[in-house]
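A quick write-up on the structure given underneath.
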Amino acid sequence: MRPAKLILGGKEYEFPVIVGTEDEVAIDIRKLRDMTGAITYDPGYVNTGSCKSDITFIDGEKGILRYRGYPIEELAGKLIYSAAAYLVIYGHLPDKEEFKDWRRDLTMNSFLHEHLRKFFDHYPITAHPMNILASMIASMSSFYPEEIDDPNDIDRHIKRIVGQVKTIAAYSYKQFIGKPCIYPRSDHSWSANFLRMMFGTPAEEYQVPKIMEEALDLILILHMDHEQNCSTSTVRMVGSSQSDLYASVASGINALWGRLHGGANEAVLNMLQRIHKDGGNYKKYVDMAKEKGSRFRLMGFGHRVYKNFDPRAKILKDTVTRLLADLGNNDPLLEIAMGLEEVVLKDEFFIERKLYPNVDFYSGIAYRAMGIPTDMFTVLFAMGRMPGWIAHWLEMRTDRDQRIHRPRQLYTGPNLQHL
Ligand code: CMC
């Protein structure tokens, strides 16, 4: 493609254009400041490509999401969590041998260091499980301070994090309800182990309901990667200074926690409950969200990238309906959610701004049907997203174009002053 031309201060400059494998076009402005003295201004990085990546492709206009080239519709509901995690992290589907080893490695690495386990005793009962998860993962680097440049060490860090994230998540719940924790089993899948640790007791073997295991695999795979979102960019930002994997993904967990990002799933459920208590008065909440200057937003609607529909929300809506029917669960919040969606999709304000239900809109209802408490919802998002964060951290380290992340700014403060 021909270079892009920029005219600034009457002078013409040319910049190379790069084209991705799906014909996405980027203007390479790496020399912009050197050549012109100017920088770009792009709050929220809406138009800024921070890297090249082979992991995930999204076409927000067409509602396309693919991991390593595979459409999300062919992965979710077909693969189990550990297979999809392998695909996202290592770039290809595992063969039989690789899969056997990977599954075993994940289980054998799912036990917490006994000293780390004692940390749970010191969190107050009010601690949010996202806070516990981030601190526990960050603390793991004190227990496993291996080389951050040796590929074998890195591989061990990866297996520990993917193996232990579910153990930490389940233990933080058990700690909260004051019940004993149980350890994972090698004859259970990753998702079955999580459900067993959440709901099982040492007194008798917990039979993981197949339907819950399958639904969890599907939901976690839907969340597994989403290219340069806020938390993934945070992982890359922190990792760009050569912080270790534990510190980098722990920062990602903290970024995910906010309610404009992963924390939206918890916020959606709280909002649906409020609407339900209000007798299903959707209009009041829709009007509140539309009010000029109001900070209230309809949680679970809108997306920076999807301007048509979020393919993950579409899959989730079907899954939730099936899950509730199979579990014999008549959740009134599902009806509220469907009613709200119907009103919003017909409303000019939301149509004009291309605001559709996103992945967080229906995930909470699915988790609720499985008996997962509301403040664990974002933790489940983090468990799903973990392989994505790891894949981006790994990719960044071998990308020769990557440098320490250090954006510029436009200074708008006072000019030189003296005392
Ligand atoms: N309810 C009401 N108005 C909204 C909403 C919403 N949920 N989302 C966007 N808008 C309006 C916003 O007020 C603005 O209107 P105007 O042009 O009149 O100022 C316009 O739509 C564009 O919004 P924006 O904030 O500039 O868009 P963004 O791309 O910066 O933000 C978003 C994207 C997801 C943060 C935002 O849509 C939002 O706050 N949604 C609710 C929170 C949510 O569900 N987050 C989960 C996102 S999906 C999963 C994930 O990434 O974790």
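Order of appearance sets the numbers: ligands from 1, and atoms from 1 within every ligand. Only heavy atoms go into these numbers, but all of them, side chains included; no hydrogens, no water, no symmetry mates.
Note on residues 43-55: pairs passing salt bridge (charged side-chain N to carboxylate O under 4.0 Å, His left out), not counting sequence neighbours, are K52-D401.
Atom 12 (C) of ligand 1 is flagged as protein-proximal [any protein heavy atom, distance under 4.0 Å]. Under the 4.0 Å distance rule, the nearest protein heavy atom to atom 25 (O) of ligand 1 falls inside the cut-off.
When non-hydrogen atoms are compared, ligand 1 lies under 4.0 Å from the side chain of R353 (C-beta onward) but not from its backbone. In D310, neither the side chain nor the backbone holds a heavy atom less than 4.0 Å from any atom of ligand 1. Using a 4.0 Å cut-off between heavy atoms, N358 contacts ligand 1 through its side chain alone, with no backbone atom that close.
Close contacts between ligand 1 and F381 involve ligand atoms 52 (O) [criterion: under 4.0 Å to a heavy atom].
More than 12 heavy atoms of other residues, nucleotides or ligands sit less than 6.0 Å from atom OH of Y144.
Within the set L256, L355, L298, the minimum heavy-atom distance to atom 1 (N) of ligand 1 is found for L298. Residue R304 holds the heavy atom nearest to atom 33 (C) of ligand 1 of all those in M299, E352, M271, R304. The heavy atom nearest to atom 35 (C) of ligand 1, out of those in L260, T232, V46, is found in L260.
Look at G44 and you'll find every heavy atom at least 4.0 Å from all atoms of ligand 1. Under a 4.0 Å heavy-atom criterion, F349 is in contact with ligand 1.
Screening W389, Y306, Y67 for a ring pair (Phe, Tyr, Trp, His ring centres under 6.0 Å) involving H226 leaves a single residue, Y306. A side-chain contact (heavy atoms from CB on, under 4.5 Å) with R385 is found for one member of V165, T232, I253 and no other, namely T232.
Using the six-membered ring where Trp is involved, W190 and Y81 have ring planes that are parallel, under 30° apart on the 30 and 60° scheme.
The pair E22-R66 meets the salt-bridge criterion, since a charged nitrogen lies less than 4.0 angstrom from a carboxylate oxygen.
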